[in-house]
Amino acid sequence: MAIAGDADIITDFIAPPNVTVDGKFFTFTGMRALIGAPAPTTLKVLKASMAEFPALNGQSVSYAVLLYPSGTVNPPHTHPRAAELLFLLSGTLEVGFVDTTNKLYVQTLQSGDMFVFPKGLVHYQYNAQSQYPAMAVSAFGSASAGTVSIPNNVFNTSIDDNILAKSFKTDVATIETIKAGLSGKV
Ligand code: GLV
Ligand code: MN
């Protein structure tokens with residue numbers, strides 16, 4: 001497949017070789033799985049990015065649908081290649097991001113609200129409600145926004161414990177406790 005990602009393209013669209021290009025090619029049906037499905041018990045993120053939906057190649061857009069059971073958090077993360085525009089469809093949601101001066105911006109969203117997370121900045125969402133789930137759709141200004149999960153990228157890799165202990169001004173035992181808690185879970 002010709003890979004354009006988010007580069008400007010000089011054709012209307014990019015089709016992978018040996019693929020029939022018709023209406024079906026431009027249709028993503030992966031979200032049908034949501035219709036009538038039982039409510040999840042953990043955070044669920046369904047993506048429609050270039051990986052799942054090849055017709056997005058070269059179009060600089062993608063979506064994610066996010067389901068937050070009560071009490072769940074989408075841990076701090078960044079998208080290196082895109083801003084994110086979140087539209088809260090149901091429930092309420094605490095959201096926040098941190099700018100490059102370390103200033104935190106927070107808001108409690110009501111259903112119908114939109115919130116923009118600027119490109120590349122660390123952000124999170126939290127459904128603080130004790131009973132009600134929340135559901136959101138996020139649009140990204142990239143066909144492949146990428147996600148860098150801070151807990152996962154920092155602690156669920158093989159970065160040396162000593163380096164992490166020095167970086168976080170703590171001891172190796174504490175780092176190992178954090179790693180053990182995250183292992184395979186984020
Ligand atoms: C939410 O912030 C997401 O990136 O899916
Ligand atoms: Mn995000």
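For ligands, and for the atoms within them, numbers begin at 1 and follow the listed sequence. Because only heavy atoms are used, hydrogens play no part in the values below, and waters and symmetry mates are left out as well, while side chains stay in. A quick note: this is a predicted structure, and the numbers were derived from the prediction, not measured.
- The number of heavy-atom neighbours closer than 6.0 Å to OH of Tyr132, taken from other residues, nucleotides and ligands shown, is 12 or below.
- A 4.5 Å side-chain heavy-atom check between Leu86 and Phe117 finds at least one atom pair inside the cut-off.
- Looking at atom 1 (C) of ligand 1, its nearest protein heavy atom turns out to be Glu84 OE2, 2.9 Å.
- Met31 and Leu89 fall within a single hydrophobic cluster, where Ile, Leu, Val, Met, Phe, Trp and Tyr are joined by side-chain heavy atoms under 4.5 Å apart, directly or via other members.
- Residue contacts with ligand 1, taken as heavy atom pairs separated by less than 4.0 Å, involve Phe140 solely via side-chain atoms from C-beta onward.
- Residue His123 approaches ligand 1 through these ligand atoms, each under 4.0 Å from one of its heavy atoms: 2 (O).
- The closest approach between a heavy atom of Lys47 and any atom of ligand 1 is not below 4.0 Å.
- For ligand 1, the polar-atom distance check against Tyr68 finds no nitrogen or oxygen pair separated by under 3.5 Å.
- Residue His77 places at least one N or O, backbone or side chain, under 3.5 Å from an N or O of ligand 1.
- No chain of hydrophobic side-chain contacts below 4.5 Å, direct or via other Ile, Leu, Val, Met, Phe, Trp or Tyr residues, connects Val172 to Leu164.
- Less than 4.0 angstrom separates some heavy atom of Gln125 from each of these atoms of ligand 1: 1 (C), 2 (O).
- In this structure, atom 5 (O) of ligand 1 lies nearest to the protein heavy atom Leu66 CD2, 3.2 Å.
- Neither Phe28 nor Phe26 shares a network with the other; the hydrophobic side chains, linked directly or stepwise wherever heavy atoms of I, L, V, M, F, W or Y lie under 4.5 Å apart, form separate groups for each.
- Environment of CG in Leu104: crowded, with over 12 heavy atoms of neighbouring residues, nucleotides or ligands closer than 6.0 Å.
- Within a 6.0 Å radius of OH in Tyr63, other residues, nucleotides and ligands contribute 12 heavy atoms or fewer.
- Within the protein, the N, O or S atoms lying under 2.8 Å from the Mn ion (ligand 2) are His77 NE2, His79 NE2, Glu84 OE1, His123 NE2.
- Within a 6.0 Å sphere centred on CG of Asp160, heavy atoms belonging to other residues, nucleotides or ligands number more than 12.
- Tracing side-chain contacts under 4.5 Å through hydrophobic residues (I, L, V, M, F, W, Y), one never reaches Leu43 starting from Val65; they form parts of separate clusters.
- Atom OH in Tyr68 sits 12.5 Å away from atom CD in Glu94 (nearest 0.5 Å).
- There is no path of hydrophobic side-chain contacts, each under 4.5 Å, that joins Leu88 to Met135.
- Of all protein heavy atoms, the one lying nearest to atom 4 (O) of ligand 1 is His79 NE2, 2.7 Å.
- When each atom of ligand 1 is checked for a heavy atom of Asn74 under 4.0 Å away, the hits are 1 (C), 2 (O), 3 (C).
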